[in-house]
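The structure appears right after this line, and notes come after that.
No hydrogens, no waters, no symmetry mates; every other heavy atom, side chains included, goes into these values.
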Protein chains: 2
Amino acid sequence: MSQPSAPRKTPGRPARISREDIIETGRRIVTEEGVDRLTMRRLAKDIGSTPMALYHHVRDKEELLVLLLDDYATRTMHRPELPADPRERIVVAASAIHDVLAACPWIVEVLTADDLMSTSALWFVEQIVGGLMECGLNPERAVHAYRAIWYYTAGEIVVRTAAARRRAADERPTYREQVFAGLDPSEYPRLAQVADRWAPLTAEDTYVVQLRALVDGLLLTR
Amino acid sequence: MSQPSAPRKTPGRPARISREDIIETGRRIVTEEGVDRLTMRRLAKDIGSTPMALYHHVRDKEELLVLLLDDYATRTMHRPELPADPRERIVVAASAIHDVLAACPWIVEVLTADDLMSTSALWFVEQIVGGLMECGLNPERAVHAYRAIWYYTAGEIVVRTAAARRRAADERPTYREQVFAGLDPSEYPRLAQVADRWAPLTAEDTYVVQLRALVDGLLLTR
DNA sequence: ACCTGAACACCGTTCAAGT
DNA sequence: ACCTGAACACCGTTCAAGT
């Protein structure tokens, strides 16, 4: 997102801290201790300054988070070799975005605050939209199809991250486990049938196979 | 989620406030002023009590939010007539969940804290999983397919809610608009091609048509 | 059993002043 | 131009005491 922060040509007092310092320290806190521990006060302390000094370099905490996401994406989104087959290219590009975000559990907080994603992801979006068009979709349908892929990907990450957080925080059996244990088979026959396998089944990572299904469905001529 | 809060048989001091009072007041604050304004202190004030009195009826704020989601779902998730055709039944049931959540913008905060959803949604899940099995998927594949539908649905809501919030908060052009305006057509030919139509295209509500594509893809025998 | 008051350990951000 | 200190207006939650 990084609105170019016009580097000042030393017209006044020399800056003691920079945007880069802030991002670097913020990255350290977030990766080492989690996004919850990132506060303006804590960051200022670690950087050896005061909370209000930060506000000369970032507009507010939300901008800081977006800056950190941008920094993370730039650092980790390296363009891979993509297959020549357009359908396969879509799957690989979407999976690349997915894997980067999935490896970054604090992303979820920012995802809902961010304008989708940084410029680093643009190349991947280009590949996906391009692949969809090569497969015969017109530009409008390609954009809509890309969005469906993005919704599926973002949803997978949000839900999985939430589930992981709950497992970490909670020792006692989840509410869902209780519900499934006492399921009335006459009212919910299908769910009762899979009740005892629900937890392991939903823990399986099926992102890619379902992504393929989604892409296949999007490319069907209906 | 509502762990049954064993109603006490007046063994000690009579309760001045109840779980129901708390939920009712919480619902009012959330619907009238948004989830951000719901604090334990504010809720206590509105209910005419003290913050700590609340902690005798709910474990913490997270439980309160889950209780409120549960309350909302129970109130609004009415079972509709579903079509006999299983494929169509899946689409209608998923759309019903989607529409209820989409009408409830504060849901997103809770979605990431909640064990998926309340018992009120279980009937819809049963219909979806049942429909998938009727269409020929074995139980395992049906559960996985249901999850893909849920990811897509949750993602759509999270991303759209975030986008709406940004539009509301921000007057200036979004970062994405700036990026698309200055897109290099030689590096991003496909995106450049749709750049000027990106905003209206992504604003279109295509949840149901893309859901159909997803369901079609999930039901393909591959 | 249920509620209260005071306190703990924090937040993000504004404002006015300093260098 | 950049930074500081103090203050504003809050948080969720714990603890010890009251009824």
Side-chain angles (χ1 to χ4, degrees), chain A residues 3-23 25-26 29-30 33-68 106 109-110 112-114 165 169-170, chain B residues 3-23 25-26 29-30 33-68 106 109-110 112-114 165 169-170:
Chain A
Q3 264 81 343
S5 64
R8 306 244 141 254
K9 308 279 182 190
T10 57
R13 176 172 169 171
R16 245 197 273 286
I17 59 174
S18 68
R19 232 168 201 251
E20 284 66 44
D21 294 336
I22 293 173
I23 291 170
T25 307
I29 295 173
V30 160
E33 305 182 39
V35 74
D36 290 347
R37 301 290 279 274
L38 182 77
T39 70
M40 299 303 266
R41 287 158 189 270
R42 166 70 194 282
L43 179 52
K45 205 183 207 174
D46 280 18
I47 220 170
S49 185
T50 63
M52 278 320 296
L54 304 177
Y55 286 86
H56 270 270
H57 300 91
V58 300
R59 196 167 58 132
D60 54 20
K61 196 185 176 183
E62 182 160 322
E63 190 184 72
L64 173 60
L65 281 170
V66 169
L67 249 25
L68 285 173
W106 54 274
E109 260 88 345
V110 191
T112 63
D114 183 21
R165 187 158 45 188
D170 244 330
Chain B
Q3 264 80 344
S5 64
R8 306 244 141 255
K9 307 280 182 191
T10 58
R13 178 173 169 170
R16 243 196 274 288
I17 59 176
S18 68
R19 232 168 202 250
E20 283 66 43
D21 296 335
I22 293 173
I23 291 171
T25 306
I29 295 173
V30 160
E33 305 182 39
V35 73
D36 290 347
R37 302 290 278 274
L38 181 77
T39 69
M40 300 302 269
R41 285 157 190 271
R42 166 69 195 283
L43 179 53
K45 205 182 204 172
D46 280 19
I47 221 171
S49 185
T50 63
M52 279 320 298
L54 304 177
Y55 286 86
H56 270 271
H57 300 90
V58 299
R59 195 166 59 130
D60 53 21
K61 197 187 175 180
E62 182 161 319
E63 191 185 73
L64 173 62
L65 281 170
V66 169
L67 250 24
L68 285 172
W106 54 274
E109 261 88 344
V110 191
T112 63
D114 183 20
R165 185 157 47 186
D170 246 329

Take the protein atom CG of B:D36 and the nucleotide atom C1' of D:dC10, then report the distance between them rounded to whole Å.
14 Å
Atom CG of A:L54 and atom C1' of D:dG5 are separated, to the nearest Å, by 15 Å
Whole-Å distance separating the CD1 atom of B:I17 from the P atom of C:dA1:
17 Å
Taken to the nearest 0.5 Å, the spacing of B:L38 CG from B:K61 NZ works out to 5.5 Å
So CG of A:L43 and CD1 of A:I22: to nearest 0.5 Å the spacing works out to 6.5 Å
Between C:dC10 and D:dA9, how far is it from one P atom to the other, in whole Å?
22 Å
About how many Å separate NZ of B:K45 and OG1 of B:T25, when rounded to the nearest 0.5 Å?
14.5 Å
Would you indicate whether the side-chain heavy atoms of A:M40 and A:V58 approach each other to under 4.5 Å?
yes
Please report the interatomic distance CG(B:D21) to CD1(B:I47), rounded to the nearest 0.5 Å.
5.0 Å
Rounded to the nearest Å, what distance is computed from the CZ atom of residue B:R16 to the P atom of nucleotide C:dC2?
12 Å
Determine: side-chain N/O of B:T39 to OP1/OP2 of D:dC10, distance under 4.0 Å, yes or no.
no
Can you work out whether B:R42 or A:T50 has the more 5'-proximal nearest nucleotide on DNA chain D?
A:T50
Quick one: stems involving DNA chain D, counted as three or more successive Watson-Crick or G-U pairs, both distances short of 3.5 Å.
C:4-8 with D:12-16, C:12-16 with D:4-8
Nucleotide C:dG12, atom P - distance to CD of A:E63 in whole Å
15 Å
Which whole-number value in Å describes the distance from A:D21 CG to D:dC3 C1'?
14 Å
Protein-nucleotides 13-17 of chain C N/O pairs under 3.5 Å:
| residue | atom | partner | partner atom | Å |
| --- | --- | --- | --- | --- |
| C:dT13 | OP2 | A:Y55 | OH | 2.5 |
| C:dT13 | OP2 | A:K61 | N | 3.2 |
| C:dT13 | O5' | A:Y55 | OH | 3.4 |
| C:dT13 | O4 | A:R41 | NH2 | 3.4 |

Integer-rounded Å distance: C:dG12 P and B:R37 CZ
19 Å
Residue A:A53, side-chain heavy atoms: nucleotide from D:dG12, D:dT4, C:dT4 that is nearest
D:dT4
Rounded to whole angstrom units, what separation is found between the CD1 atom of A:I47 and the P atom of D:dT4?
11 Å
Closest-nucleotide mapping onto DNA chain C: is B:G48 or A:L38 further toward the 5' terminus? I mean the 5' end.
B:G48
side-chain N/O A:H57 vs D:dC3 OP1/OP2, d < 4.0 Å
yes
Under the side chain to side chain contact (heavy atoms under 4.5 Å, CB included) rule, collect the residues that match up with B:D60, sequence neighbours excluded.
B:E62, B:E63
List the residues meeting side chain to side chain contact (heavy atoms under 4.5 Å, CB included) with A:I23, not counting sequence neighbours, and say none if there are none.
A:R27, A:L67, A:L68, A:D71
With sequence neighbours excluded, what pairs up with A:R37 under the salt bridge (Lys or Arg N to Asp or Glu O under 4.0 Å) test?
A:E33
Identify all side-chain donor-acceptor contacts of residues 48-55 of chain A below 3.5 Å with residues at least two apart in sequence or on another chain.
none

